[in-house]
Amino acid sequence: MIDHVSLAVTDLDRATAFYAMLLAPLGQRLLVRREGNCGFGKDYPEFWLNLRADANPGDGAHVALRARDCDAVDAFHAAALAHGGACGGPPGERSVTNGKCYAAFILDPFGNRVEAVTFPRD
């Protein structure tokens, strides 16, 4: 089980603004803001951004966040593109080991790959 995820970013203010827009469609909001990090979540900080001034593009991670439905996946992707992210894979149905999912992938301005995914029922 995952309790939380942390991503390294080189500009905490820019990353906080970017992720505030990106995570809103998934029901997450900024819950904690400190000098060197911040945490987003629904009830507790599940998604952390940590300032790492020496991080290099491409050093980032891949994180998959569960969305409530396909509309939330679409909104997540649109928010990323509107606020400085890049498309890492457009919203759409994909085959996975246990059936099908609906997902979108973005690349944040700091080299991290973030996915929003839902598992709609037929």
Subject >> ring-ring contact (aromatic ring centres under 6.0 Å, His included) pairs, two or more places apart, involving residues 65-91 >> reply: none

Subject >> Nearest heavy-atom neighbours spanning Ala80 and Phe18 >> reply: O-CE1, 3.7 Å

Original post:
If you group Ile, Leu, Val, Met, Phe, Trp and Tyr by side-chain heavy-atom gaps below 4.5 Å, do Leu51 and Val114 land in one group?
Top reply: yes

Original post:
Are Leu12 and Met21 connected, step by step, through hydrophobic side chains (Ile, Leu, Val, Met, Phe, Trp, Tyr) whose heavy atoms are closer than 4.5 Å?
Top reply: no

Original post:
Do Arg52 side-chain atoms and Asn50 backbone N/O form a donor-acceptor pair below 3.5 Å?
Top reply: no

Original post:
Honestly curious: do Leu65 and Leu31 fall in one hydrophobic cluster under the side-chain, below-4.5 Å linking rule?
Top reply: no

Original post:
Out of curiosity, Cys87 SG to Phe105 CZ, how far, rounded to the nearest 0.5 Å?
Top reply: 10.0 Å

**OP:** To the nearest 0.5 Å, tell me how far Asp11 CG sits from Phe110 CZ.
**Re:** 5.5 Å

Original post:
Looking at CG of Leu7 and CG of Asn37, how far apart are the two atoms once the value is rounded to the nearest 0.5 Å?
Top reply: 12.0 Å

Original post:
Among Val32, Val5, Leu22, Thr16, whose side-chain contact (heavy atoms from CB on, under 4.5 Å) with Phe40 holds?
Top reply: Thr16

**OP:** Using a 4.5 Å cut-off on heavy atoms from C-beta on, say whether the side chain of Glu93 contacts that of Cys101.
**Re:** no

Original post:
Should the pair Asp13-Arg33 be classified as a salt bridge under the 4.0 Å nitrogen-to-oxygen rule?
Top reply: yes

Original post:
What is the distance from atom CZ of Arg29 to atom CG of Asp43, rounded to the nearest 0.5 Å?
Top reply: 8.0 Å

**OP:** Output the distance between atom CD (Gln28) and atom CD (Glu46), rounded to the nearest 0.5 Å.
**Re:** 5.0 Å

Original post:
Are the side chain of Asn112 and the backbone of Ala61 linked by a donor-acceptor contact shorter than 3.5 Å?
Top reply: yes

Original post:
Less than 4.5 Å apart, any side-chain heavy atom of Cys38 and any of Trp48?
Top reply: no

Original post:
Has the side chain of Asp108 got a donor or acceptor atom that lies under 3.5 Å from a matching backbone atom of Gly111?
Top reply: yes

Original post:
Got a donor-acceptor contact below 3.5 angstrom from the Thr118 side chain to the Ala67 backbone?
Top reply: yes

Subject >> ring-ring contact (aromatic ring centres under 6.0 Å, His included) against Tyr19, all qualifying residues, sequence neighbours excluded >> reply: Phe47

Original post:
Is there a chain of hydrophobic side chains (I, L, V, M, F, W, Y, each step under 4.5 Å between heavy atoms) that links Tyr102 to Leu23?
Top reply: no

Original post:
Would a distance-only check, ignoring hydrogens and angles, find a side-chain to backbone donor-acceptor pair under 3.5 Å from Arg113 to Ile106?
Top reply: no

**OP:** Would you name the heavy atoms of Gly89 and Arg94 that are closest together and state the gap between them?
**Re:** C-NH2, 3.6 Å

Original post:
For the residue pair Pro91 and Asp74, what are the closest heavy atoms and their distance?
Top reply: CB-OD1, 3.2 Å

**OP:** May I ask you to check if Arg66 and Phe119 form a cation-pi contact, with NZ or CZ under 6.0 angstrom from the six-membered ring centre and within 45° of the axis?
**Re:** no

Subject >> Atom of Pro45, atom of His4 and distance for their closest heavy-atom approach >> reply: O-CB, 4.0 Å

Original post:
Can you tell me if Arg68 uses its side chain to pair, donor with acceptor, with the backbone of Gly27 under 3.5 Å?
Top reply: no

